[in-house]
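Have a look at the structure below, then the notes.
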Amino acid sequence: MIPIVFFGTYKFASAILESIVRSGLFEIRAVITQPDRPIGRHQELQKSPVKILAEKHNLTIEQPESLKGYTLHVAPYTLNIVVEYGLIIPQGILDSSERGSINIHPSLLPKYRGPSPIQSVLINGDNETGVSIMLMDKKMDHGPILSQKKFSIDPADTYTTLADKLSTLSAEMLIETVPKFLNGEIEPEVQIDENATFCKILEKDDGLVDFERTAEEIFNQFRGMIVWPGIHAYLEGKRMKFLDIRPVDLQIAPGVIKIQDEKVSVGCRTGSIELVKIQMEGKKPMGAPEFINGYNKFNGLKFN
RNA sequence: CGCGGGGUAGAGCAACCCGGCAGCUCGCGAGGCCCAUAACCUCGAGGUUCUCGGUUCAAAUCCGAGCCCCGCAA
């Protein structure tokens, strides 16, 4: 078994960790994940998905607030595996293993360097993406690539389904790539920096829908942001979350709600968005039929 | 005591400010119309108006306390 330390925090990372455990290839000396964070209305501490999984498998867990000046309490080991960890890892720790640190990045590097590659390809309406496994160096998502696979995106994919598929692919690649790398069978390939593109961390405000954009653009925004931050707009001064939408071929003035044929649609610059499931401020989620029953008076109103 | 919205029939809402038989859309049941229907018409069932207390001739509505749900913030 290959002794490793795993760095990861969120759901995508926990899916990879699950595969690592199941493969039986690795001896996981420690799992490094972000500290429990206060979440929600009552500020209750929430364990990261990786921590929950690590506890389930009785793995050693460390949760430093920052790795700056931090020392890993781990006997000599071979490799760091980093997936969606979310904190900066100092060079000293990257180099603390015998063979360095590898990172799984769910994009076709050097495209979509940065923290939101899965979301960003969807938001941009791309039809292919992929997974890259790379050696980490000083710069973010910059190191030489050990392995890369392309993956075509289904127009119906959302963050949920795409992340799921990419995590499966990532796990397969990892299990195949690591032994080859350790045996010296892989020649790391330097990234071509001039082809690099970057994606940013998504903020809450990125979820605001602009109906002056096309239905397709808004639908792509929805696909990428479905899990976080979600998309929303304001009606009569109240926030409305769009929990499920689909683009439809209907011409309505941008931002105007039209209730017709038991469907609720909102006009965009081109085409319209059908609201399949929504949630209004202070209310529970509701489907279009419930909305029509109770809020027929909103017919013809405009989002702003 | 962070800010705000809310709890009314199986669902979504109205009525609350300004107290007076609790209403609308959908669903459900029965009947009718129709070649036929998820369409249309008629009738009907279904409520402790979240809980407890107060004011009043009278409370969904006003006052007080509590419980629960949700949006924001962090």
Side-chain angles (χ1 to χ4, degrees), chain A residues 8-14 32-52 63-68 84-88 114-116 119 123 158-160 200-213 218-219 221-246 248-250 252 255-268 272-304:
Chain A
T9 300
Y10 306 104
K11 188 146 178 263
F12 185 82
S14 82
I32 317 298
T33 188
Q34 286 191 38
D36 298 0
R37 303 289 187 195
I39 283 292
R41 209 165 3 241
H42 302 294
Q43 295 281 95
E44 283 171 12
L45 289 179
Q46 175 86 40
K47 298 172 185 174
S48 76
V50 164
K51 179 176 179 181
I52 292 169
Q63 299 180 273
E65 188 62 49
S66 165
L67 288 180
K68 204 171 177 182
E84 206 187 27
Y85 174 55
L87 294 178
I88 302 285
S116 61
Q119 295 90 330
I123 292 165
T158 63
Y159 178 82
T160 312
K200 64 181 195 97
I201 193 155
L202 294 176
E203 318 260 349
K204 213 122 198 172
D205 287 347
D206 292 321
L208 182 63
V209 172
D210 177 5
F211 286 103
E212 294 296 336
R213 309 187 69 172
I218 293 170
F219 184 61
Q221 179 186 12
F222 166 71
R223 294 204 292 151
M225 300 188 189
I226 184 168
V227 172
W228 203 88
I231 63 168
H232 66 273
Y234 290 90
L235 182 67
E236 300 283 278
K238 303 263 189 182
R239 173 188 285 249
M240 186 188 284
K241 288 183 173 181
F242 302 131
L243 302 181
D244 190 15
I245 65 174
R246 65 169 156 247
V248 286
D249 195 16
L250 244 180
I252 306 171
V256 171
I257 296 190
K258 187 165 191 173
I259 296 177
Q260 191 181 32
D261 300 333
E262 297 174 22
K263 291 188 165 101
V264 184
S265 308
V266 185
C268 308
S272 298
I273 287 295
E274 181 189 333
L275 306 182
V276 179
K277 191 174 180 189
I278 61 163
Q279 181 173 18
M280 295 198 300
E281 194 175 309
K283 296 294 187 179
K284 293 183 179 174
M286 95 181 78
E290 289 79 25
F291 180 79
I292 293 167
N293 281 339
Y295 292 96
N296 216 289
K297 61 184 176 182
F298 284 176
N299 196 6
L301 292 185
K302 189 170 187 251
F303 282 96
N304 52 14

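All chains are named by letter (A, B, ...) in the order of the sequence lines, taking the proteins before the strands, and each is independently numbered beginning at 1.
- Nucleotide C72(B) is matched to G2(B) when pairs are restricted to Watson-Crick or G-U wobble geometry with both distances under 3.5 angstrom.
- Ring orientation note: the planes of Phe242(A) and Phe211(A) are nearly perpendicular, at an angle over 60° on the 30°/60° scale.
- Evaluation of the salt bridge (Lys or Arg N to Asp or Glu O under 4.0 Å) rule for Glu65(A) yields Arg37(A) as partners, not counting sequence neighbours.
- The distance from atom CG of Asn299(A) to atom P of C13(B) is 17 Å, rounded to the nearest whole Å.
- Atom NE2 of His232(A) and atom P of G5(B) are 19 Å apart (whole Å).
- Taking the P atoms as reference points, G23(B) lies 14 Å from C16(B), given to the whole Å.
- Mapping Pro285(A) and Gly282(A) onto RNA chain B by nearest heavy atom places Gly282(A) closer to the 5' end of the strand.
- For Glu212(A), there are no side chain to side chain donor-acceptor pair (under 3.5 Å) partners two or more places apart in sequence or in a different chain.
- The partner of C62(B) is G54(B), by the rule that a Watson-Crick or G-U pair needs both atom distances under 3.5 Å.
- Atoms OH (Tyr234(A)) and C1' (G4(B)) sit 12 Å apart, rounded to a whole Å.
- For the P atoms, the distance linking G27(B) with C40(B) amounts to 9 Å, nearest Å.
- Among all heavy-atom pairs drawn from Gly207(A) and Met225(A), the shortest one is CA-SD, 3.8 Å.
- Rounded to an integer number of Å, the gap from Glu236(A) CD to G5(B) C1' is 15 Å.
- If you take NZ of Lys241(A) and C1' of G5(B), they are 14 Å apart, rounded to a whole angstrom.
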Any protein N or O atoms within reach of nucleotides 8-12 of chain B? Criterion: under 3.5 Å, listing atom names and distances.
{"unit_1": "G12(B)", "atom_1": "O2'", "unit_2": "Glu290(A)", "atom_2": "O", "d": "2.8"}
{"unit_1": "G12(B)", "atom_1": "N2", "unit_2": "Asn293(A)", "atom_2": "O", "d": "2.8"}

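- Across all strands shown, the partner of C28(B) is G44(B), judged by Watson-Crick or G-U wobble contacts whose two distances both fall under 3.5 Å.
- Of the P atoms belonging to C57(B) and G66(B), the separation is 28 Å, rounded to the nearest Å.
- Residues Glu262(A) and Lys238(A) each lie close to RNA chain B; by heavy-atom proximity, the contact nearer the 5' end of the strand is made by Lys238(A).
- Closest of all the heavy-atom pairs between Gly224(A) and Gln119(A) is O-CG, 3.2 Å.
- Atom CG of Asp261(A) and atom P of A39(B) are 14 Å apart (whole Å).
- The partner of C18(B) is absent, by the rule that a Watson-Crick or G-U pair needs both atom distances under 3.5 Å.
- A distance of about 38 Å separates the P atoms of C69(B) and A30(B), rounded to the whole Å.
- Across the C1' atoms, C70(B) and G54(B) are found 30 Å apart, a figure rounded to whole Å.
- Distance Phe298(A) CZ to U25(B) C1': 15 Å, rounded to the nearest Å.
- Checked against salt bridge (Lys or Arg N to Asp or Glu O under 4.0 Å), Lys297(A) has no partners two or more places apart in sequence or in another chain.
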Acceptor/donor pairs from residues 272-288 of chain A side chains to any protein atom, 3.5 angstrom cut, sequence neighbours excluded:
{"unit_1": "Ser272(A)", "atom_1": "OG", "unit_2": "Leu250(A)", "atom_2": "O", "d": "2.6"}
{"unit_1": "Glu274(A)", "atom_1": "OE1", "unit_2": "Arg246(A)", "atom_2": "NE", "d": "3.2"}
{"unit_1": "Glu274(A)", "atom_1": "OE2", "unit_2": "Arg246(A)", "atom_2": "NH2", "d": "3.4"}
{"unit_1": "Gln279(A)", "atom_1": "NE2", "unit_2": "Lys283(A)", "atom_2": "O", "d": "2.7"}
{"unit_1": "Glu281(A)", "atom_1": "OE1", "unit_2": "Arg239(A)", "atom_2": "N", "d": "2.8"}

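- G4(B) and G47(B): their C1' atoms are spaced 29 Å apart (whole Å).
- Distance noted for atom C1' between C17(B) and A59(B): 15 Å (whole Å).
- For C67(B), the paired nucleotide is G7(B), the pair qualifying as Watson-Crick or G-U wobble because both relevant distances are below 3.5 Å.
- For C67(B) and C21(B), the C1' atoms lie 31 Å apart once the distance is rounded to whole Å.
- In this structure Tyr159(A) satisfies the side chain to side chain donor-acceptor pair (under 3.5 Å) test with no other residue, sequence neighbours excluded.
- A straight line from CD of Glu203(A) to C1' of A73(B) spans 15 Å, rounded to a whole angstrom.
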